[in-house]
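What follows is one structure encoded as structure tokens, with my remarks underneath.
Residue numbering restarts at 1 for every chain, and letters A, B, ... go by the order of the sequence lines.
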There are 2 protein chains.
Amino acid sequence: MGVSSRTAAAVHALTFLAHRHDEGLQSSATIAESLESNPVVVRRVLGLLREAGIVTATEGAGGGWRLARPADSITLLDVFTSVEDDTPVLPTHAHPPSRSCVIGRHMESYLAEEFAAAQRALADRLATRTIADTLREVRRREAAS
Amino acid sequence: MGVSSRTAAAVHALTFLAHRHDEGLQSSATIAESLESNPVVVRRVLGLLREAGIVTATEGAGGGWRLARPADSITLLDVFTSVEDDTPVLPTHAHPPSRSCVIGRHMESYLAEEFAAAQRALADRLATRTIADTLREVRRREAAS
DNA sequence: GGTATCTGTAATCTCCGTAGTCACAGTCAG
DNA sequence: CTGACTGTGACTACGGAGATTACAGATACC
């Protein structure tokens, strides 16, 4: 239907990894603590980021997760496209309209195109922010409080 | 969670009303036929558009719906904001993160701002298209087929 | 005035995606 | 060998959306 909160969890986890980058591998349990969530849920989200080449996982004792690329090369759009399925943000008809009506014959494809264009505008904005920006802003807010 | 398909149904219904504008009032049953949906569902969506001053309803026998404003003054953004609730298109955390972590303390508000900015970009694009545009494009596609 | 045709709306149902949880196999350090 | 991780499948709980039923209120028309 719409967008899940996986993007938010993924950005959070990646920023956490960037924050602790010098302290070595971070386990899904540690990350889950910051998210107040479940290690399994975290591993599933991070698994999607691993498939996208954004993080790497190390199995076994002492294992965990780390960024696979510099934080300033990971945009919020990268994260979004990695963890969300490719169903449009703005859904068209719940089920196809009548083919025996002029409007019904063309509305679905027209809307799909317009909604896709709107989503591209959203994506362009997400692409202007990186995990490095996010970490910087989080630290700035902490210092200002 | 995300966006419903009400926007698609509403744009469809409004374009239908613009298309049949010279033929007088259209009943929810007629519109539901084009949408292959239910008259009650249609009335609920049109009810939101009525509250927004986009359509007017006439009760009683021979009653029905018509546009309250010229089709070229109704943008897709008008429709979107009328029928969708005001929960963000891009949701933040499913439930608040840990306050005992630097990331957790600031991520939620930061993401809310960034996601809102992205949604404004999407909204700006929707505001560039009207119901009149939509009807014109539907008719063009019909003529071209 | 009676009746048929509409809107308006509450109540209920089903369906489906998401987050959360449990269980357990695989991997690896010490 | 043991303990600490990841990787996944299976299951449950919950909530929102769309569909449906039911019925009250309004109005045109005979």
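- Remark: the A:Arg66 side chain and the D:dT6 base include no donor-acceptor N/O pair separated by less than 3.5 Å.
- Listed nucleotides: D:dG7, C:dA19, D:dG18. Nearest to the side chain of A:Ala94: D:dG18.
- Side chain of A:Val40, nearest nucleotide from C:dG8, C:dC6, C:dT21: C:dT21.
- A donor-acceptor contact under 3.5 angstrom links the side-chain atoms of B:Arg44 to the base of D:dT20.
- Residue pairs meeting the salt bridge (Lys or Arg N to Asp or Glu O under 4.0 Å) criterion with at least one partner in residues 48-69 of chain B, sequence neighbours excluded, are B:Arg69-B:Asp78.
- Atom CD of B:Glu137 is surrounded by more than 12 heavy atoms from other residues, nucleotides or ligands within 6.0 Å.
- Put simply, CG on A:Leu48 is 11 Å from P on C:dT18, counting in whole angstrom units.
- Here A:Gly64 lies in heavy-atom contact (under 4.0 Å) with sugar-phosphate atoms only.
- Between B:Thr58 and D:dT27, a side-chain N or O to OP1/OP2 separation shorter than 4.0 Å is absent.
- Distance A:Arg50 CZ to D:dT6 C1': 8 Å, rounded to the nearest Å.
- Looking at which nucleotide of DNA chain D each of A:Ser28 and A:Ala61 is closest to, the 5′-most match is held by A:Ala61.
- Rounded to an integer number of Å, the gap from A:Glu84 CD to C:dA19 C1' is 13 Å.
- Not one side-chain nitrogen or oxygen of B:Arg43 sits closer than 4.0 Å to the OP1 or OP2 atom of C:dG8.
- The shortest distance between the side-chain N/O atoms of A:Ser4 and the OP1/OP2 oxygens of C:dG17 is not below 4.0 Å.
- Nearest to the side chain of B:Ser37, among D:dA17, D:dG7, D:dA19, sits D:dA19.
- Applying the 4.0 Å criterion to OP1 and OP2 of C:dG20, one finds that B:His95 has a side-chain N or O inside that range.
- Nearest to the side-chain atoms of A:Asp85 among the listed nucleotides C:dT18, C:dT21, C:dT7 stands C:dT18.
- The 5' end of DNA chain D is approached more closely, in terms of each residue's nearest nucleotide, by A:Pro39 than by the other of B:Asn38 and A:Pro39.
- A side-chain donor-acceptor contact under 3.5 Å links A:Ser34 and A:His12.
- A distance-only check finds a donor-acceptor pair linking the side chain of A:Thr15 to the backbone of A:Val11 [under 3.5 Å].
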